[in-house]
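Heads up: the structure comes next, in structure tokens.
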6 protein chains.
Amino acid sequence: MELSINKKYLIFELVKSFTKDDRPYIRVVLLDSKGEQYNGIMFDSNKLDFEPEKGDIVEISGSLQNYNGQMQIKINNMLKGSIDDLYDFLPKSKYDPDLMLNELMDIVYKNLDCEYTIKLMDMFFNDDATIRQFIKHPAAKNVHHAYVGGLLEHTLSVVKLAIILSDYYCEQVDKNILIAGAIFHDLGKIYELDITKGFDYTDSGKLLGHLILGIDLVRGYISKIESFPESKANLILHLVASHHGYIEFGAIKKPKTYEALILHHIDDLDAKINNFGILFEKDKVQTGWSSYDRLLERQIFKHKDN
Amino acid sequence: MELSINKKYLIFELVKSFTKDDRPYIRVVLLDSKGEQYNGIMFDSNKLDFEPEKGDIVEISGSLQNYNGQMQIKINNMLKGSIDDLYDFLPKSKYDPDLMLNELMDIVYKNLDCEYTIKLMDMFFNDDATIRQFIKHPAAKNVHHAYVGGLLEHTLSVVKLAIILSDYYCEQVDKNILIAGAIFHDLGKIYELDITKGFDYTDSGKLLGHLILGIDLVRGYISKIESFPESKANLILHLVASHHGYIEFGAIKKPKTYEALILHHIDDLDAKINNFGILFEKDKVQTGWSSYDRLLERQIFKHKDN
Amino acid sequence: MELSINKKYLIFELVKSFTKDDRPYIRVVLLDSKGEQYNGIMFDSNKLDFEPEKGDIVEISGSLQNYNGQMQIKINNMLKGSIDDLYDFLPKSKYDPDLMLNELMDIVYKNLDCEYTIKLMDMFFNDDATIRQFIKHPAAKNVHHAYVGGLLEHTLSVVKLAIILSDYYCEQVDKNILIAGAIFHDLGKIYELDITKGFDYTDSGKLLGHLILGIDLVRGYISKIESFPESKANLILHLVASHHGYIEFGAIKKPKTYEALILHHIDDLDAKINNFGILFEKDKVQTGWSSYDRLLERQIFKHKDN
Amino acid sequence: MELSINKKYLIFELVKSFTKDDRPYIRVVLLDSKGEQYNGIMFDSNKLDFEPEKGDIVEISGSLQNYNGQMQIKINNMLKGSIDDLYDFLPKSKYDPDLMLNELMDIVYKNLDCEYTIKLMDMFFNDDATIRQFIKHPAAKNVHHAYVGGLLEHTLSVVKLAIILSDYYCEQVDKNILIAGAIFHDLGKIYELDITKGFDYTDSGKLLGHLILGIDLVRGYISKIESFPESKANLILHLVASHHGYIEFGAIKKPKTYEALILHHIDDLDAKINNFGILFEKDKVQTGWSSYDRLLERQIFKHKDN
Amino acid sequence: MELSINKKYLIFELVKSFTKDDRPYIRVVLLDSKGEQYNGIMFDSNKLDFEPEKGDIVEISGSLQNYNGQMQIKINNMLKGSIDDLYDFLPKSKYDPDLMLNELMDIVYKNLDCEYTIKLMDMFFNDDATIRQFIKHPAAKNVHHAYVGGLLEHTLSVVKLAIILSDYYCEQVDKNILIAGAIFHDLGKIYELDITKGFDYTDSGKLLGHLILGIDLVRGYISKIESFPESKANLILHLVASHHGYIEFGAIKKPKTYEALILHHIDDLDAKINNFGILFEKDKVQTGWSSYDRLLERQIFKHKDN
Amino acid sequence: MELSINKKYLIFELVKSFTKDDRPYIRVVLLDSKGEQYNGIMFDSNKLDFEPEKGDIVEISGSLQNYNGQMQIKINNMLKGSIDDLYDFLPKSKYDPDLMLNELMDIVYKNLDCEYTIKLMDMFFNDDATIRQFIKHPAAKNVHHAYVGGLLEHTLSVVKLAIILSDYYCEQVDKNILIAGAIFHDLGKIYELDITKGFDYTDSGKLLGHLILGIDLVRGYISKIESFPESKANLILHLVASHHGYIEFGAIKKPKTYEALILHHIDDLDAKINNFGILFEKDKVQTGWSSYDRLLERQIFKHKDN
């Protein structure tokens, strides 16, 4: 008995070949959105109207059959899925992107009172193409928040910390500028990382990096706001340019304002807190030591009170 | 006409000499507690029952007279002042030490719920000799919070930030341990810096440093608390040992727990915020750039919104 | 006898004061374009229609008179000079800016054959405002080519070397891209350095730096060229972003293409050759050793065959 | 025929399982004190009054039998061995611990003449619990002297070198202080390394390190000696705190006294000499080059005259 | 049917053993000069008059036979090949050594006009033993130009660049000295690397390095030229000593003359250009990114215009 | 009354001028060998048969006279002194050079038993020109042993330590090689430093450095000893090449043999011990802290037991 199938899969492995009578066929290993693996085979694959490749999302119709004692999917047809489908197959933030975006917009507008910064935020939140990527992107290739929605999750957390510390150091800090910098500090990552290639870096990511790509994006918004003060633009872009804190850690400039100083610390802290958590999870540490982490250059310790 | 005087001064300069008829006398430059300078002279200085030295606080009785067109103090007698008087002659925090101490104790006890950490705090706050120094000490020789009460001001601020961030990262952090680490992280400075020598380092400060001196102090408290858990002691002492964050910045160990990670960031941030402020003040910057700071390795910028 | 004067000067020092009968006057030290100093005084300075400041160029009418045995200029009137006049008072390249610009355009167009790069050059050479600054700017605050026209002199030399090495490594190198990168690599310096303040850094120079400022400028040109290939844009901008060669020397990315590798070397070489020459000149070395140079971290040697 | 057995073994591998009729049994790989391996099996392992674990020393009674052509030990009973037994199963110094301790005490007392240092030595040599660990501990996890008795062997050698160099630089060096520092410099390792876990670091070792742990121990002795001079205590503890020589190599302070300078050099030299030997041994080098050593960052060379 | 064989091979693997009746035999894996592998066996190997070793070139006479379905060479006799034969079995420059040498001598003599430098070149080019090695050596173990003739190929390229840049910077540079330095900068590699051991380092290479070995060679030539000026010798040797540019990259001195500065840049550039090419080749990159290279510390990019 | 004078002086300052009637004269400031200063004047200085210069040693005949209340030397004639005289005017080791040389030769020959090393020593000790410089040279420009005889004093001490440690590590160390390395490690300094210019570096010192200059010297000796084993030469020269221990401290290779490891440590230790002493002396420290030393990067402490 065969089980009829019609479902989306990610092509994990793919080999193209020919039957003895020279008909083209392909063998695939497929992943469903829960991460389970299936073997699949499609004969006469030349009838497809696209060239399937490793990494593609495909909608498969066919049947599940027993082949030499193993279950495999006999594929009748395959349709190329869209990029949006891909998100379903990747590790995801445990928080809902739409809820996070709402929360972000909510607290941002509640805390701003500078006309130009508000216009800048309007520009950003109304840039649908960018926002669509922003809410789904990971925040890093593999260090921290490396999952769908990770960029938004990290940005939201840094903005919250920015507001908390603006209130704490209210004598020194311009909250509008710090919030704007917090929102934009990692924005360039939407062009730096390509989620369709397993969170790998893009060409422009490797050639220019997310700092420059982010500054370009923000510069674009600013150029469309009439008489946006040049000095304010410099202060906000400086936060993007300096948020890595030290030249040898990738900062283009060292933090030179109160806001830049704070952004560097809360960005680094929030990323590392996430790092620690992921490392404990990866190593399945309940209590005790993680394995040695090459990037943190240390083992880390989780005690029973954590 | 002479004006009779009876007041405390700091001896800023001092030369010992002899009159033509071989009577010993001393010439001094004196500072009063408002920082104003006076020349002084005392004849027959051998009658004093102590050897006055540069840096001493002395209670002087004498008279203000005109000598060759300049005012000088003719000193009849001098009494050696106590170390406590010295505080009146040094730069001071703008916050009142007693109020800060009250606030510190208040928020600490309000936020602790671990029996052993509470006992540890009791031990510390009841150690009068230490507390007396703690509330008056500077937090550094000249980098940040370098004034009387600076150590307490900085510690209070770091404790507040510790509480804020414990609440923010409540899933990861043990608030009791972070607060204890925040309280003790710079405590060793009371033995590292000698305020009687212009905030210079002591011998033990130069030979051992405030991390070891602080750990010794805390170890002392812990040893007096019955069955204080060794693991908890290690976690708290690790925060003192690692708060500089990187080995090359003087940390004995890198931060290996959530609490250590956070303490490093809030300590560094709070110190640098203070740094920035002092640098702007020193350079009298209203808006614009400070001079180049050798330790920060940069110029810093104050914009009109700060 | 008084000598009547009508000439432009740079105000080197300036003190504002009042006569006994409360009339405002200013005392100035003036530099003429040959670098000679004059004292000057102007009474009733409130009649001026601008507020003269240190660093201003002013056209002065007045007379040279003997005052207490010293010559000084009695100023009758002062007109504010334009920024262009300032160039006459600064150290200058020994090459003529217009000739250098002609040579640059000449060799650039002779060597390009890519339609888009040619359009990009047209865009640049037709941007009068930018070109006007480009031909007069120094290439650095004080390290190399620190004189009017220095940026153009250095750029021209790097472009020549780029062409020579493109021809040498013709199998590996795309000459169009290397030339474009060579032209633009230091362009951002026209906004990074302010020649009116003694070649000091501007706010945007300190907050963002010439790499980002240059990338912004080039991005602006590219955005106006229809269907300029994104991949080509990335390759050219990568040359600007990476020309410092190493992250710790300020590169945003390490050189990752043949062209980036070559640009880094010829830029560094040409700057250092100029460095060496200026150091020998400063130390008046005919043959032998210069003084120790803090930035080069060495003494350098000129032998009789140089 | 079976061979009856009653002997101590180290459990090298251990798997717990159940027979088909649900009786618990364990399979083990055992090491005897000569390093030879045996397979073992114990049925009805629930009858044991302790939970055997990998790394345990156990006294086994049973019989050697042939099972499917392979010899294995059928275990009748197992008793948990003491920690002291463990030493028999670990790599050991080629020198006898007791002889080394005698030699150490002998030369130490022969060379001291300072009353307080002598008292401090008495305190140490009479602290049985500490001495028992001291004579058996390794000096490192895997770099140098990583074997039972290694800490004592290395300490003895450093003390000998300390005496030799005290005599050589007799004008500059206080022999009492240098000897005390030499004795104590690595003492904290008895708490830093856990020999029951294959010389792995303990929690306190990773959180605090052997410098702080050693200083704590010495501070403990000093606190029990009446009127031990504070200045002398600082000088001795400084030797522990600074013996790694450079901050980036883990020193808490740089060596600031003649004694600290010498201790750093002889400690480093003696450790590296041992390193070299172990590396040659590991690579079985008679004459020629070792493999590349990641920690030494070099290959090393043994020539025929060594 | 057997195929008779008489040909040179490189011994890639070798095992010595004995037949059941105790006759010695050896099994080998052989490589011919095209890189193809063959199994071989030789009985009664004790009749050979040398001890064959892995890495040896041997001339083999025997026959190709089928053994258990696999082809193997039955060896009748083996003669030890000379070192010169070895070159045939190693990766080679695509340029002909003799032509390169001719070109080198040609351009060198055409560009020199200093009597002493010419004599120095005569000395070198007439030192047959050295030249024979020079034209066949690789320029590195595995980084760049790591193939037979690589040293000459790299030297030739650096000399060409030296001439080009001498002409470009003719006001600053002494062409004779720069050419001499370019010729000799890597000459010591003929003693540093041993091509008979797979381009591994020699003892003197590891103990002294190619800079010292090269300086020794050049010093030898100079000592035979009557009244060679000491100052000129120092200038040339300085180029060898400093060509790595930075102390941490192995330079004995930083470049302190114009010639040394240029040599460092063209050497580094030419080596890296070769590096890039080899990396693209190894990774079979047509267009796109190479793998991450540990020594370059980056991935590199080849665009379609390269 | 005039006092007649005939004595050697060092010319400390020198001005050439002309009297009103156009006769040439020179004014000098002279130092005698005890370091005392004298003003001097010589009329008709054109009659001298050499051109006196600052730094010269001159034998002066003349008279001491009172000129306007100050004593000055009226110079009748001046003869140029030899370079050997110069030594009398420089700071000197407190040990006698000849005695040190005797002691050095004595202990060296007593400890050697290798025929080739003995021949090498013979070669060195019989090279009169070199030995003459060796016994008078300083060991450094200003760091350690910076006085006449300092090189010999330091070399002697390092040789003594080499013998002591060869005996201590007799199982690992070849005493002949270590002694040879100890003797030669700083020998190149006789060409690196020029004592006639205030211990400044020579051209070859700056261009090549004392490691290469020393290796050249030793290579010269070796080349004259028949069949000196190449391997032994490499081992000895490796000690010269590696004695700075780390590449970034100027070592050409890291120490790769037992002997090289030990030489690095005893050289560094002996130099720093001397450093410490000179720093305490310069700062006149009896007990307490020195000033901050830029090269040691620390303050150092002398306690009452030193």
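Chain A is the first sequence line, chain B the second, and so forth, proteins listed ahead of strands; every chain is numbered from 1.
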Query - Part of I247(B) within contact of chain D (heavy atom distance under 4.5 Å) - result: both
Requested in this report: Side chain from CB out, backbone as N, CA, C, O: work out which of these in I236(D) comes under 4.5 Å of a heavy atom of chain B, or both, or neither.
Outcome: neither
Report task. Supply the atom-to-atom distance H238(D) NE2 to S204(B) OG, rounded to the nearest 0.5 angstrom. Result -> 12.0 Å
Query raised in the report: Looking only at heavy atoms, what is the nearest atom pair of A241(B) and L207(D), with distance?
Result: CB-O, 4.5 Å
Report task. Using the side chain to side chain contact (heavy atoms under 4.5 Å, CB included) rule, pick out the option among I252(D), V240(D), N234(D) that qualifies with L208(B). Result -> N234(D)
Query raised in the report: Checking heavy atoms, do the side chain of L237(B), its backbone, both or neither come under 4.5 Å from chain D?
Result: both
Requested in this report: Look up atom CG in L211(B) and atom NZ in K253(D), then write down how far apart they are to the nearest 0.5 Å.
Outcome: 8.5 Å
Query raised in the report: Does any non-hydrogen side-chain atom of D216(B) lie less than 4.5 Å from one of R219(D)?
Result: yes
Query raised in the report: Where on K206(B) is there a heavy atom nearer than 4.5 Å to chain D: the side chain, the backbone, both, or neither?
Result: both
